[in-house]
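When a residue number appears, it is its place in the shown sequence, counting from 1. In this text, all values refer to a predicted model and were calculated from it rather than measured experimentally.
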Amino acid sequence: MCWVLAAVQYAVAQMVAAAAWQRPYSLRRNYLSDLGNTRCGWFAVAPSTPTYVCSPLHAVMNASFVTAGVLVVAGAVLQRPTWPPGGTATAAGALWVLDGLGRITVGLVPENTNIGVHLLGALNIPVGSIATLLTAVALRRSRPGLGLAGVALGVLGLTATVLTGVAQHVDSEFYLGLGVGGLERAAEYPATLWILLAGLAAASGGSRRLRPSG
């Protein structure tokens, strides 16, 4: 349930914070972190183009980042004993903890306060995609459907992450028409969707079937 709550409250907080903007929040032009920006004005992280940011409910979004991070860490710790034994699952669990810590950092250090630390926390995006892949591989035999979904989501997240870097530093055509905000969501949302799916599977009792025999 920790992972389910992490994903659901994160989605709700984004909708609530975005709806409070007087200038419409753009899913295409604005980053997720713009929802947690604590000041109003033009903001950009080089080499991105500046966009106007003013998020009245930034406290709601930053609290959601922190809450999601705490719940991701808690869910990873609680679920690890139900996953098959082995190094792959252990590495996946460790990466989920790092993902959660990154989310917490993003919430505690908004983009306009210390961009270096904020971006360090935002590395949770590729970390989450890798964690999704590793978890899916660990569950491929015991839960093949969940494993296949995890592989697809992990690959999608990593691909979008790579495209984001290429678009920022090489050619904006690699945004694929999604814009900086849209492609960032394509990179970030797969891991969040995965924790929702895995959390639902665990909450429904499916995690008990993952316990190794003997």
Any donor-acceptor N or O pair under 3.5 Å, side chains [X], [Y]:
X    : Y    : result
H118 : T105 : no
Y10  : E188 : yes
Q9   : S64  : yes
T90  : W83  : no

If you define the side chain from C-beta out and look only at heavy atoms, does anything of Y175 sit under 4.5 Å from R28? no
Intermediate values then yes/no, side chain to side chain contact (heavy atoms under 4.5 Å, CB included), N62 and T38 | CA-CA 9 Å; N62 288 325; T38 62; 4.2 Å; yes
For the residue pair [X] and [Y], what are the closest heavy atoms and their distance?
X    : Y    : answer
A68  : A6   : O-CB, 4.0 Å
D34  : T51  : OD2-OG1, 4.0 Å
P50  : A44  : CA-CB, 3.4 Å
A136 : G147 : CB-O, 3.2 Å
E111 : S33  : OE1-CB, 3.3 Å
P56  : A20  : CG-O, 3.4 Å

Under 4.5 Å between side-chain heavy atoms, hopping through other hydrophobics if needed: is there a path connecting [X] to [Y]?
X    : Y    : value
W96  : L134 : no
V66  : L71  : no
I195 : L95  : no
F43  : L32  : yes
L196 : W194 : yes

If you round to the nearest 0.5 Å, how far is [atom2] of [Y] from [atom1] of [X]?
X    : Y    : atom1 : atom2 : answer
L78  : W3   : CG    : CH2   : 10.0 Å
M1   : L5   : CE    : CG    : 5.0 Å
S26  : W21  : OG    : CH2   : 9.0 Å
T67  : I104 : OG1   : CD1   : 9.0 Å
R185 : N30  : CZ    : CG    : 7.5 Å
L139 : L148 : CG    : CG    : 12.5 Å

Indicate the ring-plane relationship of Y52 and W42, choosing parallel, tilted or perpendicular according to the 30° and 60° boundaries.
perpendicular
Quiz item: Hey, which of T135, T132, L133 is the one that makes side-chain contact (heavy atoms from CB on, under 4.5 Å) with V151?
Solution: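 Between V151 and the candidates, side-chain contact (heavy atoms from CB on, under 4.5 Å) is satisfied uniquely by L133.
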Expected output: side-chain R103 to main-chain G100 donor-acceptor under 3.5 Å | no
*Evaluate the side chain to side chain contact (heavy atoms under 4.5 Å, CB included) criterion for residues N37 and H58: first the C-alpha distance (whole Å), next the side-chain angles of each, then the deciding distance (0.1 Å), finally the verdict.*
CA-CA 6 Å; N37 196 305; H58 56 80; 5.9 Å; no
For residues 155-167, tabulate all N or O donor-acceptor pairs below 3.5 Å that involve a side-chain atom, not counting sequence neighbours.
from : atom 1 : to   : atom 2 : distance (Å)
T159 : OG1    : V155 : O      : 2.7
T161 : OG1    : G157 : O      : 2.8
T164 : OG1    : A160 : O      : 2.8

> Taking atom CZ of R80 as the centre, does the number of heavy atoms from other residues, nucleotides or ligands within less than 6.0 Å exceed 12?
Replying inline: yes
TODO: Run the numbers on Q14 and L35 for side chain to side chain contact (heavy atoms under 4.5 Å, CB included), then give the verdict.
DONE: CA-CA 7 Å; Q14 289 179 56; L35 293 171; 4.1 Å; yes
**Request:** Decide yes or no on side chain to side chain contact (heavy atoms under 4.5 Å, CB included) for R140 and L146, but give the supporting numbers first.
**Result:** CA-CA 7 Å; R140 69 189 186 281; L146 199 58; over 6 Å; no
